[in-house]
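Beneath this line is the structure, given in structure tokens, with notes to follow.
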Amino acid sequence: MMKRILGIVLFCSAIASANAQKCGTDVHYQEAVKSDPSIEKAKAEFFERAAQYSKTPSNRAAIYTIPVVFHVFHTNGVENISKEQILDQMRILNADYSFTNKNKNKIRSVFTNVAADCQIKFELASIDPNGNCTDGINRIYSTLGASVNRTSEDVKQTVQWNYQKYLNIWVVTSIETDGNGTTLGYAFFPWMTPKSRDGIVIRHDRVGSIGTALSTADSGRTLTHEVGHWLGLLHTFQGECADEDNCDDTPPVGGTFTNASCPANGNSCNTDKPDLIDQWENYMDYSDGKCMAMFTLDQKSIMHSSLTTFPRSSNVSASNLLATGVTLASGAPLANFTASQRVVCAGRPVTFYDISCKSAVTARSWTLTGSSTPSSTQKNPVVVYQTPGKYKVTLLVQNGSGSNSKSVDQYIEVLSSQNGINPNFEEGFENNDLSSRGFISVSPKAWEVTSAAALTGTKSLKAPVSSNDALGTNYSFVLPPVNLSLLKNAVPGPKFTFRAAYAPAVDPATTQTEILRVYVSTDCGNTFSQIMERSGTGLAYNSAPITNNFVPNSASMWKLLGVSSLTSLGLDTVKNAIFRIDVLSAQGNPVYIDNINISSYNSGVEDLETAFADVELYPNPGTDVSNLELSTFEGQNIEIALYDMAGRMVSSIYKGYKNAGSETYTIKAPSSNAGTLYFVKIASERGQITKPITFAP
């Protein structure tokens, strides 16, 4: 018989081996109850129905099947988990809910008679809400998954498929905590409202047991646990020794983390009759994932009751299984495909996936132009492209009722793995047309070249952040591949540095400010890893707020940022490193970038003496004129110009090819000279030098 229904506050924790790791369902549920107290009444009604359902045990032979979609929020980092990692999680879910998990032989004998095959199956949807084919994995390029707020739940507002049709699972980087540890995930109970937010949020490193989850100890059981909540289960430690999880076959547990280490004969409560040891094998405890191995018969009854009651009953209905593609229809199939990556380095494998839908495919034919295997009949062929370029992909599928094909021009872009541009160089954005030069591609929210501010020259690159942005708007730009291996033996080693100008719109000590992040890719831009982050006073030139539309007007407002040692990150041998700079908007002020430098020296006014044999300015201070004597080891294109303290170019001294050897150039004093400091900038393909100079008034 089900235990008595109590009006309790839910304390929810996901699988963890230490108090520092938990899920946020407890806080999330408490907040929901505060805003809508009727949720508690709906909960009581849910368990009353479950109690009635348990009195007439079902001999159901069929299996309940639930369509699933994973919404993966990412910025092309490791959080953009692979399809293989998601499939691994699906394998674990299906094993746990069908009692075919390999570790079930570890269940202690006292509990084997109550361990249940829950007869529940999970399948990735193959038809999306618009009737198109899908693989059940929906990838969203967005920074909203970087730190999910459980109150606003922006990821859910961004995308959700109909909760009556799909189990929505949002995969994110991290979840804001309540100050009491790391939050791993949280779920909606079936009785909660509003239903528009129904589903599960989970960190990417808790999905499955491979990929980014390989180093975790929960063996993919965090999602098994959260799905249990989604189907109406409470914790085995609910109410502690008062035993309030509404299941007679789960002994009470004394506390949240009592069984974290799976004690062999632990018995934290003696209030149960008969007095049994703690059932840390249960997926709804808070034990190590490797210990977890079972649901009980009473838990199965609660979940089945949920699946026979709205809204969960709609997920498993025959009509919905057909609508979501879990059940195949008659007629010809609809062709569709995806690939493990759309941009790939030459010589690296690409996996193509046939995700055709609606009807069974009995035969297929791939045309993979430019690949090592130009044609294939396999469902998921693995091929290699050796030659850089953009290539067409075609898939033809058929069955006894007909055929269908899909063809996409330039579907795969293959990049050279070794021909990045050569350092040393410094980019000052003096040429507006970045895309035609192939230097920087701007995406997804456009940066812009601006003449409103510059450290050197007359222009810089601006992330035009404003109060009109949606909170969390991402401004991102990408540099072309750079061959860092050419700097491997340089002394000092290679750096990635730049100058940034920013002022907060609010007090950075009390309110969130803009965030600047630097990423690097070593696989032709397919994935990026974060290597730097600055915000608040770490990004701003000082902490004094400027209300809006900040524009730097002096050299002192430009801050040196970047990574001082690429060698320490193991990047000094990479032949095609791609750097990316993102700015995340807090609806405050713009961020300006100038003088991106990839070399052995820092950006801006730092010397790069290895570019030239000798540089001399004389006389300095000068009078009406001064001389620049420049010696180079080899012929190269150079540009020499005079700049004022605000970084504005005063005059162009020379631009063109310089032969190896020594040359002398005349520098005239500005007509408006008032004895202030100026800078002479000498730039070449190998780097730049900036030298201070003054002229007597």
Item to complete: May I ask you to decide whether Asp198 forms a salt bridge with Arg312, counting only side-chain N to carboxylate O separations under 4.0 Å?
Response: yes

Fill in: Heavy-atom pair of closest approach, residues Gln157 and Arg197
NE2-NH2, 3.4 Å

Discussion item. I want to check something: taking the side chain as every heavy atom from C-beta on, are Ile175 and Arg150 in contact at a cut-off of under 4.5 Å?
Written reply: yes

Item to complete: First locate atom CD1 of Ile86, then atom CD1 of Ile210, and finally report the distance between them rounded to the nearest 0.5 Å.
Response: 10.0 Å

Discussion item. Donor-acceptor check, side chain of Thr158 to backbone of Asp154, threshold 3.5 angstrom: yes or no?
Written reply: yes

Worksheet item: Would you say the side chain of Val408 lies within less than 4.5 Å of the side chain of Val393, judging by non-hydrogen atoms?
Response: no

Fill in: Flag, side chain of Gln378 to backbone of Ser376, donor-acceptor distance under 3.5 Å
no

Item to complete: Taking ring-ring contact (aromatic ring centres under 6.0 Å, His included) as the test, write out the residues that go with Phe70, two or more places apart.
Response: none

Practice prompt. Applying disulfide bond (SG atoms under 2.5 Å apart), name anything that partners Cys357, two or more places apart in sequence or on another chain.
Written response: Cys133

Practice prompt. Please collect all side chain to side chain donor-acceptor pair (under 3.5 Å) contacts where either partner lies in residues 357-367, sequence neighbours excluded, each pair once.
Written response: Asp354-Arg364

Worksheet entry | side-chain contact (heavy atoms from CB on, under 4.5 Å) assessment of Gln119 paired with His304 | CA-CA 9 Å; Gln119 294 179 283; His304 278 210; 4.0 Å; yes

Response to the item:
Rounded to the nearest 0.5 angstrom, the CG-CZ distance for Asn282 and Phe237 is 10.5 Å

Worksheet, complete the sentence: Taken to the nearest 0.5 Å, the spacing of Cys118 SG from Asn94 CG works out to 12.0 Å

Worksheet, complete the sentence: For Gln89 and Gly220 the tightest heavy-atom approach is NE2-O, 3.1 Å

Worksheet item: So with a 6.0 Å cut-off around NZ of Lys406, is the heavy-atom count from everything else above 12?
Response: yes

Fill in: Basic-acidic side-chain contact under 4.0 Å: Arg91, Asp88
yes

Practice prompt. Please list, chain by chain and in numerical order, all residues satisfying side chain to side chain donor-acceptor pair (under 3.5 Å) with Ser330, sequence neighbours excluded.
Written response: none

Discussion item. For Glu84, give me all partners under salt bridge (Lys or Arg N to Asp or Glu O under 4.0 Å), at least two apart in sequence or on another chain.
Written reply: none

Worksheet item: Pick one: which of Thr236, Asp245, Thr296 meets side-chain hydrogen bond (donor to acceptor under 3.5 Å, both in side chains) with Thr250?
Response: Asp245

Worksheet item: Between Ile66 and Trp230, is a side-chain contact (heavy atoms from CB on, under 4.5 Å) present by the stated rule, with each step listed?
Response: CA-CA 12 Å; Ile66 299 173; Trp230 186 78; 3.9 Å; yes

Worksheet item: Side chains of Val227 and Phe122: closer than 4.5 Å at any heavy-atom pair?
Response: yes

Practice prompt. Kindly indicate, with the supporting measurements, whether the criterion side-chain contact (heavy atoms from CB on, under 4.5 Å) is fulfilled by Trp191 and Lys43.
Written response: CA-CA 6 Å; Trp191 60 83; Lys43 173 186 172 184; 3.3 Å; yes

Worksheet item: Hey, does the side chain of Ser317 reach the backbone of Ser314 with a donor-acceptor pair shorter than 3.5 angstrom?
Response: yes

Discussion item. When you compare the side chain of Ser54 with that of Asp298, does any pair of heavy atoms fall below 4.5 Å?
Written reply: no

Worksheet item: Val350 and Ser340: side-chain contact (heavy atoms from CB on, under 4.5 Å), yes or no, with the steps?
Response: CA-CA 6 Å; Val350 181; Ser340 57; 3.9 Å; yes

Practice prompt. Give a yes or no on whether the backbone of Phe189 and the side-chain of His229 come within a donor-acceptor separation of less than 3.5 Å.
Written response: no

Worksheet item: Short question: side chain of Asp582, backbone of Arg517 - any donor-acceptor pair under 3.5 Å?
Response: no

Response to the item:
Heavy atoms of Tyr411 and Ala339 approach each other most closely as OH-N, 3.4 Å

Fill in: Donor-acceptor contact present, side-chain Tyr97 to main-chain Thr224, <3.5 Å
yes

Worksheet entry | Side-chain heavy atoms of Ser476 within contact of Tyr141, under 4.5 Å | yes

Response to the item:
All heavy atoms of Thr183 vs all of Glu176, minimum pair found to be OG1-O, 3.7 Å

Item to complete: Write out all pairs satisfying salt bridge (charged side-chain N to carboxylate O under 4.0 Å, His left out) with one or both partners inside residues 319-343, taking only residues at least two apart or from two chains.
Response: none

Discussion item. Measuring from atom OG of Ser219 to atom NZ of Lys290, what distance do you get when rounded to the nearest 0.5 angstrom?
Written reply: 5.5 Å

Worksheet entry | For the student: nearest non-hydrogen atoms of Gly232 and Phe47, plus distance | O-CZ, 3.4 Å

Worksheet item: Are Ile302 and Leu231 side-chain neighbours, meaning at least one heavy-atom pair lies under 4.5 Å?
Response: no

Fill in: Sidechain-backbone polar pair: Gln587 side chain, Asp469 backbone, donor-acceptor under 3.5 Å
yes

Discussion item. Testing the 3.5 Å rule here: is there a donor-acceptor pair between the side chains of Asn101 and Asn103?
Written reply: yes

Worksheet entry | Contacts of Thr527 that satisfy side chain to side chain donor-acceptor pair (under 3.5 Å) - sequence neighbours left out | Asp523

Fill in: Heavy-atom donor-acceptor pair, Asn336 side chain to Ile355 backbone, under 3.5 Å
no

Fill in: Sequence neighbours excluded - side chain to side chain donor-acceptor pair (under 3.5 Å) pairs with any residue from residues 163-173
His71-Asn168

Worksheet item: Is the side chain of Lys392 donor-acceptor paired with the backbone N or O of Ser407 at a distance under 3.5 Å, no angle test?
Response: no

Practice prompt. Determine which pairs satisfy salt bridge (charged side-chain N to carboxylate O under 4.0 Å, His left out) with at least one residue from residues 134-146, sequence neighbours left out, and list them in order.
Written response: Lys83-Asp135

Discussion item. If I take atom CG from residue Asn468 and atom OG1 from residue Thr473, how far apart are they, to the nearest 0.5 angstrom?
Written reply: 10.0 Å

Worksheet item: Without hydrogens or angle criteria, can the side chains of Thr212 and Gln85 be said to hold a donor-acceptor pair below 3.5 Å?
Response: yes

Discussion item. Strictly below 4.0 Å, N to O, side chains only: are Asp205 and Arg203 in salt-bridge contact?
Written reply: yes

Worksheet item: Got a second to check how far Ser521's OG is from Asn76's CG, nearest 0.5 Å?
Response: 8.0 Å

Worksheet entry | Lys104 atom NZ, over 12 foreign heavy atoms within 6.0 Å | yes

Fill in: Tyr283 side chain reached by Met292 side chain, heavy atoms, under 4.5 Å
yes

Discussion item. So, using side chain to side chain donor-acceptor pair (under 3.5 Å) as the criterion, who are the partners of Ser174 when residues are at least two apart?
Written reply: none

Worksheet item: Partners of Trp280 by side chain to side chain donor-acceptor pair (under 3.5 Å), sequence neighbours excluded?
Response: none

Worksheet item: Does the side chain of Leu368 reach to within under 4.5 Å of the side chain of Pro381, using non-hydrogen atoms?
Response: yes

Practice prompt. Sequence neighbours left out, what passes ring-ring contact (aromatic ring centres under 6.0 Å, His included) with Phe528? Give chain and number order.
Written response: none

Practice prompt. Return yes if some donor-acceptor pair links the side-chain N/O of Gln279 with the main-chain N/O of Asp249 below 3.5 Å, else return no.
Written response: yes

